[in-house]
J.: 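Please find one structure pasted underneath; my questions will follow.
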Amino acid sequence: MNDIVSIITPVHNSEKYLLACINSVIDQTYPYWEHILVDDCSTDNSARIIKGFAEKEDRIRYLKLSENSGAGVARNRAIEESKGKYIAFLDSDDQWYPEKLKKQIVFMQENRCHFTFTAYDIIDSEGNPTGKTIPSKKRVTYKSALYKNPIGCLTVIYSVDYFGKQYMPTIRKRQDYALWLKLLKKGDAFGLDEVLSSYRTGNQSISSNKFKLIKYEWKIYRELEGLSLGKSIFYLFSAIIIKLKSYF
């Protein structure tokens with residue numbers, strides 16, 4: 001239980017949410033972590049806030065990209081610099097429950113799981129509970145994930161010992177989904193159905209935001225996964241149907 005978890009956080013103009021995000025890491029009951037925050041050329045006070053934390057807490061590391069490149073590139077830079085046995089993801093506007101790392105690492109070690117995720121709840125832009133919770137499935141395979149991404153990025157931990165350092169493709173959206181598919185080719189993902197993270201949403205509904213991501217899913221099917229035209233159409237159509245059901 002003294003294995004280091006490298007927490008990966010891309011940051012772009014996130015001054016409003018960084019305090020809650022970083023404090024949720026500092027408050028973890030599992031103490032063996034490093035928090036790597038990569039500034040994607042923010043123009044607000046994000047850099048100052050991160051550096052202020054890093055001056056007081058040596059487990060927090062600040063990095064900066066030379067040009068604005070998107071969350072995927074920022075995450076990959078952090079993964080390159082990471083030293084942990086495990087990789088975890090936390091976006092700068094999201095936050096964790098204090099027991100998140102401890103419970104998930106115990107779950108992974110007791111069940112010999114190498115790729116895990118958990119349930120999470122939804123908070124609004126001000127951090128207030130919305131009453132919505134996204135449960136986790138018990139097990140996700142590569143084939144089942146092609147229909148729909150059931151894994152929340154802010155909940156994922158994967159083992160570097162098992163997978164090696166795995167990076168996200170540099171597409172602007174859905175990089176996390178593409179990475180999960182890559183990991184799932186080597187081993188299934190296992191869910192801990194307990195709410196341990198909070199995903200922050202804006203004014204638009206989650207469902208409507210999902211429809212904007214369809215073109216990126218097509219890119220994943222065709223270009224990254226190399227699926228045939230027929231299979232890509234089938235999985236994209238299935239994904240749209242699932243989104244429509246959740247919308248209505």
J.: Under the salt bridge (charged side-chain N to carboxylate O under 4.0 Å, His left out) rule, what pairs show up with a residue in residues 110-128, not counting sequence neighbours?
T.: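 Listed once each, the pairs are K16-E126.
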J.: Determine the interplanar angle of the F234 and Y147 rings, folded into 0 to 90°, and report it as parallel if under 30°, tilted if 30 to 60°, perpendicular if over 60°.
T.: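 Ring orientation of F234 relative to Y147: perpendicular.
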J.: Between C41 and L65, which heavy-atom pair has the shortest distance, and what is it?
T.: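 Nearest pair, atom of C41 first, then L65: SG-O, 3.4 Å.
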J.: Are L227 and L224 grouped together when hydrophobic residues (ILVMFWY) are joined by side-chain heavy atoms under 4.5 angstrom apart?
T.: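 Yes; L224 is reachable from L227 via cluster members.
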J.: Is it the case that the side chains of N76 and Q175 hold a donor-acceptor pair, with the cut-off being a distance below 3.5 Å and no angle test?
T.: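 Side-chain D/A pair, Q175 to N76: absent.
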J.: So if you build clusters from Ile, Leu, Val, Met, Phe, Trp, Tyr with side-chain heavy-atom gaps below 4.5 Å, do F190 and M108 land together?
T.: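 No, F190 does not connect to M108 through the hydrophobic network.
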J.: Would one find more than 12 heavy atoms of other residues, nucleotides or ligands at under 6.0 Å from atom NZ of K165?
T.: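 It does: K165 NZ has more than 12 such atoms within range.
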J.: Hydrophobic clustering (ILVMFWY, side-chain heavy atoms < 4.5 Å, transitive) - are W33 and Y62 grouped together?
T.: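 Same cluster: Y62 reaches W33 through Ile, Leu, Val, Met, Phe, Trp or Tyr contacts under 4.5 Å.
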J.: Please give me the minimum heavy-atom distance between L101 and Q28, naming the atom from each residue.
T.: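 Closest approach of L101 to Q28: N-OE1, 3.0 Å.
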J.: Strictly below 4.0 Å, N to O, side chains only: are D188 and R139 in salt-bridge contact?
T.: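 So D188 pairs with R139 through a salt bridge.
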J.: Any side-chain heavy atom of F117 within less than 4.5 Å of one from V140?
T.: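 With C-beta onward as the side chain, the pair touches.
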J.: For the backbone of E67 and the side chain of S69, can you confirm whether one donor and one acceptor N or O come within less than 3.5 Å of each other?
T.: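 Yes, because the side chain of S69 sits within donor-acceptor range (under 3.5 Å) of the backbone of E67.
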J.: Are any side-chain N or O atoms of Y221 and backbone N or O atoms of L146, one a donor and one an acceptor, separated by less than 3.5 Å?
T.: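 Such a contact is found between Y221 side chain and L146 backbone.
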J.: Has the side chain of Y158 got a donor or acceptor atom that lies under 3.5 Å from a matching backbone atom of Q166?
T.: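 Side chain of Y158 to backbone of Q166: a pair is present.
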J.: What's the separation between atom CZ in R75 and atom OG in S82, rounded to the nearest 0.5 Å?
T.: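 Taking CZ in R75 and OG in S82, the distance rounds to 14.0 Å.
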J.: Out of curiosity, K64 NZ to S42 OG, how far, rounded to the nearest 0.5 Å?
T.: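 With rounding to 0.5 Å, NZ (K64) is 8.0 Å from OG (S42).
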J.: Minimum heavy-atom separation for F115 to G187, with atom names?
T.: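 Between these two residues, the closest heavy atoms are CD2-O, 4.3 Å.
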J.: Examine distances only and state if a side-chain atom of S24 and a backbone atom of W96 form a donor-acceptor pair shorter than 3.5 Å.
T.: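 The answer is yes, because a donor-acceptor pair under 3.5 Å joins these two groups.
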J.: Determine whether E217 and L236 satisfy the following criterion, side-chain contact (heavy atoms from CB on, under 4.5 Å), listing intermediate values before the conclusion.
T.: CA-CA 7 Å; E217 293 181 12; L236 186 66; 4.2 Å; yes
J.: To the nearest 0.5 Å, tell me how far Y97 OH sits from S197 OG.
T.: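 The distance works out to 8.5 Å.
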J.: Can you name the ring-ring contact (aromatic ring centres under 6.0 Å, His included) partners of F89, sequence neighbours left out?
T.: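 If we apply the ring-ring contact (aromatic ring centres under 6.0 Å, His included) test to F89, skipping adjacent residues, the hits are W180.
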J.: Walk me through whether I171 and I220 qualify under side-chain contact (heavy atoms from CB on, under 4.5 Å).
T.: CA-CA 9 Å; I171 56 177; I220 289 170; 4.0 Å; yes
J.: Please report the shortest heavy-atom distance between L179 and P169, naming the atom on each side.
T.: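 L179 and P169 have their closest heavy atoms at N-CD, 4.4 Å.
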J.: When hydrophobic residues are tied together by side-chain contacts of less than 4.5 Å, even through go-betweens, does L196 share a cluster with V25?
T.: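 They do not share one cluster, since no chain of ILVMFWY contacts under 4.5 Å joins L196 to V25.
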J.: What's the verdict on side-chain contact (heavy atoms from CB on, under 4.5 Å) for T118 and E194, showing C-alpha distance, side-chain angles and the deciding distance?
T.: CA-CA 6 Å; T118 77; E194 182 173 350; 5.8 Å; no
J.: Please determine which of I49, D94, L90, I50 meets the side chain to side chain contact (heavy atoms under 4.5 Å, CB included) test together with C21.
T.: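 Exactly one option meets the side chain to side chain contact (heavy atoms under 4.5 Å, CB included) with C21, and it is L90.
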J.: Can you tell which of K143, K185, K219, K182 makes a salt bridge (charged side-chain N to carboxylate O under 4.0 Å, His left out) with E225?
T.: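 The option that passes is K185.
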J.: Ignoring hydrogens and geometry, is there a side-chain-to-backbone donor-acceptor pair from Q104 to T155 under 3.5 Å?
T.: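 Present.
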J.: Might you point out which heavy atoms bring G191 and F107 nearest each other, and give the distance in Å?
T.: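 What the structure gives for the nearest pair is O-CZ, 3.7 Å.
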J.: Kindly compute the distance separating CD1 (I105) from NZ (K85), expressed to the nearest 0.5 Å.
T.: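 NZ of K85 is found 9.0 Å from CD1 of I105.
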J.: Apply side-chain contact (heavy atoms from CB on, under 4.5 Å) to residues I22 and T9 and explain how you reach the verdict.
T.: CA-CA 10 Å; I22 298 173; T9 300; over 6 Å; no
J.: Under 3.5 Å, side chain of R200 to main-chain N/O of S125, donor-acceptor pair present?
T.: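 Yes.
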J.: Rounded to the nearest 0.5 Å, what separates atom CD in E15 from atom CG in N45?
T.: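 The CD atom of E15 sits 4.5 Å away from the CG atom of N45.
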J.: Any donor-acceptor pair under 3.5 Å linking the side chain of Q95 with the backbone of A20?
T.: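 It does not hold such a pair.
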J.: Sorted by first residue and then second, give each salt bridge (charged side-chain N to carboxylate O under 4.0 Å, His left out) pair with at least one member in residues 19-39; sequence neighbours left out.
T.: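 Residue pairs with at least one partner in residues 19-39: E34-R61.
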J.: For the CG atom of L63 and the CZ atom of R77, what is their distance to the nearest 0.5 Å?
T.: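 Rounded to the nearest 0.5 Å, the CG-CZ separation comes to 5.0 Å.
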J.: Tell me whether D44 contacts the main-chain N or O of S14 through its side chain, where contact means a donor paired with an acceptor under 3.5 Å.
T.: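 At least one qualifying donor-acceptor pair exists.
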J.: When you measure from the side chain of N149 to the backbone of I151, do you find a donor-acceptor pair of N or O atoms at a distance under 3.5 Å?
T.: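 Confirmed, N149 side chain pairs with I151 backbone.
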J.: State whether the side chain of K186 and the backbone N or O of Y162 hold a donor-acceptor pair below 3.5 Å, judged by distance alone.
T.: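 Answer holds: yes.
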